[in-house]
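A short write-up of the structure that comes next.
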Amino acid sequence: MTMQTMHPAVLLGAYGWEQSRMPADEFELRMKAAHELMDANDWRALFVYGDAAEHQALGFLTNFIPRLRWAMAMLPRDGAPRILLSVGQRDVPYMGAMTWIDDVQTGWTWDASFDPWFDDFCTREDGTPKIGLLGKDLMRSDFLAALETSTSGRIVFERGDEIFASLLSQKRPREVALISDAWRILEAAADAMSASWKGGSDAMHAAIEGERRARKLAAHDVRVLFSTDGGRTLVPFYGITEGRGDPMVAYIAVKYLGLWAESFVTIGDGAKPAKARAAAALNAMIGLAKPGVPVSEIAGIATNHLAGHEAHPMIGGSFGHAIGLSMTEAPEFTAGNSASLRSGNCYTLRFGISDETDGCALVSAMVRITNDGNQLIGRIA
Amino acid sequence: MIQTTDQMETSSLRRQMAVQRLEEEGLDALLAVASGFHSFLEPNLAFVLSDFKPIGDAAVIARRDGSSTLIVTPGWDIERAAAGSTTDQTLAVDDLIDGIADCLGRGGIGPSSLATDGIGLLGHAMSARLQDFLAGKATPLDNLIRNLARCRSGHEIQRAEKATEIAERGYARLLEVARPGLREFELAADIYCHMKEIGGDDNFLLMSASQHNLGVRAAGERMLEDGDIILAEITPSFEGQFAQLCRTVVIGDKPAGYDETYAILQRAMQAGQASALPGVPMSEVAEIINGPFRDAGYGDYCRPPYMRVRGHGLGLTSNLPGDVAVTNDIELEEGMVFVMHPNQYLPETGYLMCGEPVVITDLGARALSTRQAEPDAIPL
């Protein structure tokens, strides 16, 4: 099962367009690759939708990340792009500074912001042009209805998510660097959490110390789950949660300039047998991670290391996944998945055990697959 | 206000009210669905009917016989859900649509005897699968739960008061730590985590500063400076109930005319509170809030981009009564909770914020905060 955390009411953090890390020509290269896919599919434009919870393609192509609602970029093969943001007119100048697209409009006045642009597009094109559509699965019915009403009979939409999946999964050097930066913030958060817990704090307050450290280091988003029962269950923040547990187990995910890092963290001396078994399993999984290795093989070796013990409920039969602009990207490392590890992509490997005698342990590591093996991005001991 | 909560827990009462509607419609069950998006401006129907805030997509099935089931995702959240939900049964699954189909199938409830609410709030992938399963046979009762929950119970008002207390302590923290040289995001991180420590489990926190603000936005990289006016929209949630404070504070000496200009916002707030009586249309309240601005010669500024609305509803329960706007004709009722904020751009001072969470009583809109907004300053 994929990792899920409580989605916040608004994405905090200093979102902007950090051009020293993600320069304009990076997006020229990305758009060039997008144009090649568009040409191969005879798409005359690409519409890319994302929301605050999921915005992988939107972030990749535009650098824009919606903080609380949605955004849609209209990227014609020829002509000027426009991006619609679900914010009021007052907020457009500030929010628009996050993207390289010059033409930023509020999406709240659809008739004024979508229809004229679309009319111009149709005037320029011959016949009934095809448009690639990314993110349709995320659209709410009222948005989809507005889109279909405005475009009905004038163009043909073709779903583009699978076609773009390969492009999005190949981590570019600047993305890998940001994932590593996100990992460093995560490590600092884990250190702060550990120090707080070891200093006598309960699990909730230790978890908050971790989050505080990450946010003060300019993390764009921080998600934390924590345990007060020795790692048997992990919970989100909700009111006041009491208890320390030993070990304290937590899950931390940190986003920095759009890219995610994540890890399980175990603090304390409890559950040593389970932790030892989990560490050995993770070692074996990392050792196997090479380009071309089926993800089912990673899942297989993890299952072997369970050796009859119960998999932790947080893990179930899913022992990893790709990670980057989304916290959880395909493929999921399950026994039935036929996908293989790809050179250039970044992955989380994870293992968990829940045993009445040995205790509970959750461990993970992040790796980047190289041409002949893997490079460890990080692993918290 | 819901009056019977001493006898019955709020979410159970709301399920009972939904069942009454099922009887009127001759239907066997209500399927209310919610996404894991947790917007503070929208209701989470699963939360309203179970008193449990799910991590992911979720549903409640309320049956005509009075029984109920909460279905949450992800599957590993079962223990927390079972402990927190007020429904008779709690299930945790990794695929919500499969879970709904399985639960309804085992109960012998077919789509044609089913009412639905909330499908439009799901993303297309989920809503299309659910609509395929329902095969066009279910009866949509969209906004049923939003309407049933439009007035808060005593317990919900207590939660709103607690959320307000957390917001006030968050603002007190801001006054304590804000200083020149601190970056906006560092200040936001500090007060956000401070509020989390005292129970603020979520927070729609906008906080930004400028010598002349055009509006409020999420905290950025900008470094605070002497003379900055900090705007803060502090919106913590306590056990699922959001409350919002809007505050304005100057670092250092107040600019000339600041107190006098801010007093217009305070007069607008007072006028709005006094006028917000049960039975009064919200549009009338919004007009009355605009009054002091017109009286002071700023009538042309009572429109975007100089302001947006004069307040709005607060999730995760019901976002009714909706926006405090001249276009909203909903009649106020006792027990409605929302934020009233005559936030306003004025040319002399820039954008200023002044707002409180309020509950409608027969004396007007009672602020849930202990101290209403003042033109504050942080001495250097």
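Within every chain, numbering begins at 1; the chains are lettered A, B, ... in the order of the sequence lines, protein sequences first and strands thereafter.
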| said: Keeping B:D201 on the side-chain end and A:F237 on the backbone end, is there a donor-acceptor pair under 3.5 Å? | reply: no

When the 4.5 angstrom heavy-atom criterion is applied to A:R232 and chain B, the contacting part is side chain

Honestly, the part of A:L138 sitting under 4.5 Å from a heavy atom of chain B is backbone

So is A:R215 actually on top of B:Y192's ring, under 6.0 Å and inside 45° of the axis? yes

| Is it true that the side chains of B:Y345 and A:R90 contain a donor and an acceptor less than 3.5 Å apart? | no

Pair count under 4.5 Å, heavy atoms only, with chain A: among B:P54, B:S237, B:G220, B:A218, highest is B:A218

Heaviest contributor of heavy-atom pairs below 4.5 Å to chain A, chosen from B:R217, B:E186, B:R80, is B:R217

If one checks every heavy atom of A:T5 against chain B at 4.5 Å, the contacting part turns out to be backbone

Honestly, the part of A:M204 sitting under 4.5 Å from a heavy atom of chain B is side chain

When the 4.5 angstrom heavy-atom criterion is applied to A:R212 and chain B, the contacting part is both

So, the part of A:Y94 with a heavy atom under 4.5 Å from chain B: the answer is side chain

Whatever's closer than 4.5 Å to a heavy atom in chain B on A:A52 counts as both

Okay, A:E209 and chain B: the region with an atom under 4.5 Å from a heavy atom over there is side chain

Looking only at B:G199, B:P305, B:G315, most heavy-atom pairs under 4.5 Å shared with chain A are made by B:G199

